[in-house]
Amino acid sequence: MPASPAYQRIYAVVRRIPRGRVATYGQVARLARLPGRARQVGYAMHALPSGTRVPWHRVVNAEGRVSRRRVPGAELTQRMLLEREGVGFGPGGKIPLTRYGWKATLRRGVANG
DNA sequence: GCAATGACGCTCT
DNA sequence: CAGAGCGCCATTG
């Protein structure tokens with residue numbers, strides 16, 4: 001069963017995250033035209049199958065940290081994948097979003113900075 | 001349909 | 001900068 005349309009948009013946005021950068025759940029939600037549904041973004045990530053091509057590991061929370069998950073240790077995997085792409089972690093395991101944050105660019109004629 | 005859960009974010013202190 | 005509280009609402013049982 002295909003994922004919900006909303007999920008498809010979320011995945012589409014996540015796929016646009018460039019390598020070596022990260023986006024926040026809220027950011028992805030807004031880019032997916034689902035403002036305020038940051039939680040659902042996380043839920044969509046949780047619903048991803050193993051072996052997916054969606055770079056879910058490039059999605060972190062607003063604090064620039066890897067969110068705690070139900071399964072301990074899995075967060076280390078995400079961190080590993082990010083470091084492998086060149087994303088650096090600061091003290092406290094926080095990623096400086098000012099440096100590695102994805103500067104989102106909306107398509108479809110939406111003006112961007 | 002109802003109640004509980006959750007890979008979150010913003011505001012206030 | 002760090003911690004606590006409230007709001008958000010789709011998904012799940």
Side-chain angles (χ1 to χ4, degrees):
Chain A
M1 46 21 87
S4 221
Y7 277 28
Q8 296 278 336
R9 321 222 335 205
I10 291 171
Y11 298 147
V13 171
V14 174
R15 271 202 271 253
R16 290 181 52 208
I17 305 176
R19 197 160 165 284
R21 298 237 206 331
V22 296
T24 68
Y25 292 93
Q27 188 177 2
V28 171
R30 302 204 310 203
L31 291 172
R33 289 288 162 190
L34 301 169
R37 314 302 195 265
R39 268 190 166 273
Q40 274 57 18
V41 173
Y43 209 91
M45 297 296 103
H46 182 70
L48 279 171
S50 57
T52 178
R53 269 96 46 66
V54 178
W56 56 269
H57 58 277
R58 292 174 193 157
V59 183
V60 298
N61 62 25
E63 290 189 316
R65 289 212 276 198
V66 176
S67 296
R68 288 290 303 266
R69 290 182 309 286
R70 205 174 151 310
V71 181
E75 34 187 304
L76 296 178
T77 302
Q78 181 172 2
R79 174 165 180 161
M80 182 191 72
L81 289 169
L82 288 175
E83 288 183 324
R84 189 171 248 313
E85 293 185 351
V87 176
F89 284 74
K94 293 204 290 196
I95 301 171
L97 296 177
T98 55
R99 175 169 170 71
Y100 296 104
W102 173 36
K103 292 163 297 174
T105 52
L106 267 50
R107 293 148 139 196
R108 300 274 235 202
V110 178
N112 63 343

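Chain naming here is simple, since letters A, B, ... match the order of the sequence lines and numbering starts at 1 in each.
The two atoms that bring Pro55(A) and Arg15(A) nearest to each other are CD-CA, 3.8 Å, heavy atoms only. Pairing each heavy atom of Ala47(A) with each of Tyr7(A), the nearest pair is CB-CE2, 3.9 Å.
For Arg68(A) and dG9(B), the CZ to C1' distance is 19 Å, given to the nearest whole Å. In this entry the distance linking CG of Asn61(A) with P of dG6(B) reads 17 Å, nearest Å. When rounded to the nearest whole Å, the span between CG of Leu97(A) and P of dC10(B) equals 11 Å. To the nearest angstrom, P of dA2(C) lies 9 Å from CD of Glu63(A). His46(A) places its NE2 atom 6 Å from the P atom of dA7(B), with the value rounded to the nearest Å.
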* Determine, for nucleotides 8-13 of chain C in 5'-to-3' order, which nucleotides have protein heavy atoms under 4.0 Å from the base (write B), from only the sugar-phosphate (write S), or from neither (write -). => BBBSS-
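With contacts defined as side-chain heavy-atom distances shorter than 4.5 Å, the pair Gln78(A)/Val60(A) qualifies. Contact annotation: the side chain of Tyr25(A) approaches that of Met45(A) to within less than 4.5 Å [non-hydrogen atoms, C-beta and beyond]. By the 4.5 Å heavy-atom criterion applied to side chains, Met80(A) and His57(A) are not counted as neighbours.
Distance from the side chain of Lys94(A) is smallest for dA2(C) among the nucleotides dA7(B), dG9(B), dA2(C).
With respect to Trp102(A), the side-chain contact (heavy atoms from CB on, under 4.5 Å) criterion is satisfied by exactly one of Leu97(A), Val22(A), Leu31(A): Leu31(A).
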